[in-house]
Amino acid sequence: MPIERNLPATDTSLPVLGVLISGRGSNLRALMTAIDEGRLRARIGVVISNRPDAAGLAHASSAGVPAVVIDHKAFGGRADFEDALVARLGEAGVQVVCLAGFMRILSPVFLERFGGPVLNVHPSLLPSFVGVDAQRQAWEHGVKVAGVTVHLVTPELDAGPIVAQAAVPVLDDDTPETLAARILVEEHRIYPAAVALVAAGGWRIEGRRFVRGR
Ligand code: GAR
């Protein structure tokens, strides 16, 4: 992606996103494409990977987005790792954190200290199949409908208010891999849309429910 096409990144009036990754980075790429195409009015202030070998780092760098490694293994414990995350997000002026395949659990202290909305994309129809390998969990359980959820992150794992969901069929000849690929198409469609909704503001939480309107 040519840097000069990434014009919104220079517009300081846009909400600033921080994208946290651990691997492939296809959801990061979907967010960058949505920004490029004007479907997501925001700019990415920083991409942070907790793994030095994350392929997603290259997507960010090639688009001129600052990409840094904060390796959790380099810290004595979770508190120090999260201190470093909060500091880097603060330096970049991040207002909304987007977890995009970020495979570390964030503590209540992180959520409190960051203070803004933290979004996650999870490859199941929550509240079913929390945690790792959700697509395989759904396949093994034998559900006939699977999908993806975008939710606000709260201290309880994969349990925060739901912003958006999309369903896909589970076919008789699916494998966990073919099911995951079908879900991923929907992840790339709904995550940028949900981030746009949250970054634009004009929403509230009622009980467990994410509701549009003030
Ligand atoms: C995606 O399928 C995402 O939903 C999942 O990891 C993958 C990351 O892919 N996240 C979780 O399972 C979080 N619990 P990506 O690096 O290509 O975006």
Side-chain angles (χ1 to χ4, degrees), residues 5-21 25-48 56 59-60 63-68 82 85-102 105-123 125-127 147-166 186-214:
R5 278 189 62 217
N6 207 28
L7 287 176
T10 60
D11 184 341
T12 50
S13 66
L14 293 169
V16 183
L17 311 178
V19 185
L20 272 51
I21 64 170
S26 70
N27 277 290
L28 163 66
R29 208 157 38 173
L31 294 174
M32 295 193 315
T33 301
I35 289 172
D36 256 12
E37 294 177 356
R39 286 179 285 121
L40 171 54
R41 288 192 46 74
R43 67 186 178 91
I44 299 177
V46 67
V47 171
I48 303 175
H59 299 317
V65 174
V68 298
E82 291 187 346
L85 287 181
V86 169
R88 192 63 187 82
L89 292 168
E91 274 169 35
V94 168
Q95 294 158 303
V96 178
V97 166
C98 305
L99 307 183
F102 183 68
I105 291 172
L106 294 169
S107 76
V109 176
F110 172 89
L111 297 174
E112 176 76 28
R113 287 194 50 204
F114 172 64
V118 179
L119 282 163
N120 182 39
V121 59
H122 181 78
L125 289 175
L126 290 171
V148 49
T149 302
V150 178
H151 66 93
L152 288 163
V153 175
T154 57
E156 195 183 342
L157 180 66
D158 296 333
I162 291 170
V163 179
Q165 289 185 305
E186 295 302 304
E187 295 188 36
H188 295 166
R189 190 175 65 79
I190 74 165
Y191 201 23
V195 173
L197 195 59
V198 168
W203 50 272
R204 63 189 190 280
I205 303 298
E206 281 182 4
R208 285 198 38 82
R209 297 183 327 120
F210 176 94
V211 183
R212 297 173 75 167
R214 290 186 196 279

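In this structure, CG on Leu106 lies 10.5 Å from CG on Leu157, to the nearest 0.5 angstrom. Taking CG from Leu125 and CD from Gln165, the interatomic distance works out to 5.5 Å, rounded to the nearest 0.5 Å. Leu99 contributes atom CG, which lies 11.5 Å from atom CD1 of Ile21 (distance to the nearest 0.5 angstrom). Atoms OG1 and OH, from Thr149 and Tyr191 in turn, are 12.0 Å apart once rounded to the nearest 0.5 Å. Rounded to the nearest 0.5 angstrom, Ile35 CD1 and Leu14 CG are separated by 8.5 Å.
Side chains of Ile48 and Phe102 form no contact here, defined as non-hydrogen atoms less than 4.5 Å apart. Between Leu85 and Val97 the shortest side-chain heavy-atom distance does not fall below 4.5 Å. The shortest side-chain heavy-atom distance between Pro161 and Thr154 falls under the 4.5 Å cut-off. Leu152 places none of its side-chain heavy atoms less than 4.5 Å from the side chain of Val118. Contact annotation: the side chain of Pro123 never approaches that of Val148 to less than 4.5 Å [non-hydrogen atoms, C-beta and beyond]. Within the 4.5 Å cutoff, side-chain heavy atoms of His188 are placed close to those of Asn27.
The heavy-atom pair separating His59 from Met32 by the smallest distance is O-CE, 3.4 Å. Shown here for Gly45 and Pro66, the closest heavy-atom pair between the two residues is O-CG, 3.4 Å. Contact record, Pro192 with Leu40: O-CD1, 4.0 Å, taken as the closest heavy-atom pair. Contact record, Val121 with Ala100: CG1-CA, 4.5 Å, taken as the closest heavy-atom pair. Across all their heavy atoms, Ala194 and Leu119 have their closest contact at O-CD1, 4.4 Å. Smallest separation of non-hydrogen atoms from Arg39 and Ala196: O-CB, 3.9 Å.
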Residue pair Leu28, Val65: steps toward the side-chain contact (heavy atoms from CB on, under 4.5 Å) verdict: CA-CA 11 Å; Leu28 163 66; Val65 174; over 6 Å; no

Worked verdict on Val198 versus Phe210 for side-chain contact (heavy atoms from CB on, under 4.5 Å): CA-CA 10 Å; Val198 168; Phe210 176 94; 4.0 Å; yes

side-chain contact (heavy atoms from CB on, under 4.5 Å) assessment of Asp158 paired with His151: CA-CA 8 Å; Asp158 296 333; His151 66 93; 3.7 Å; yes

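Judged by distance alone, with hydrogens and angles left aside, the side-chain atoms of Gln95 form a donor-acceptor pair with the main-chain N or O of Val16 at under 3.5 Å. A donor-acceptor pair under 3.5 Å is formed between the side chain of Glu82 and the backbone N or O of Ser107. Looking at Arg208, its side chain does come within 3.5 Å of a backbone N or O of Ala159 through a donor-acceptor pair. Using a distance-only test at 3.5 Å, with no hydrogens or angles considered, a donor-acceptor pair links the side chain of Arg204 to the main chain of Gly213.
Within 6.0 Å of CD on Glu156 lie no more than 12 heavy atoms contributed by other residues, nucleotides or ligands.
When each of Leu89, Ile105, Val153 is paired with Phe110, the side-chain contact (heavy atoms from CB on, under 4.5 Å) condition holds for Leu89 and for no other.
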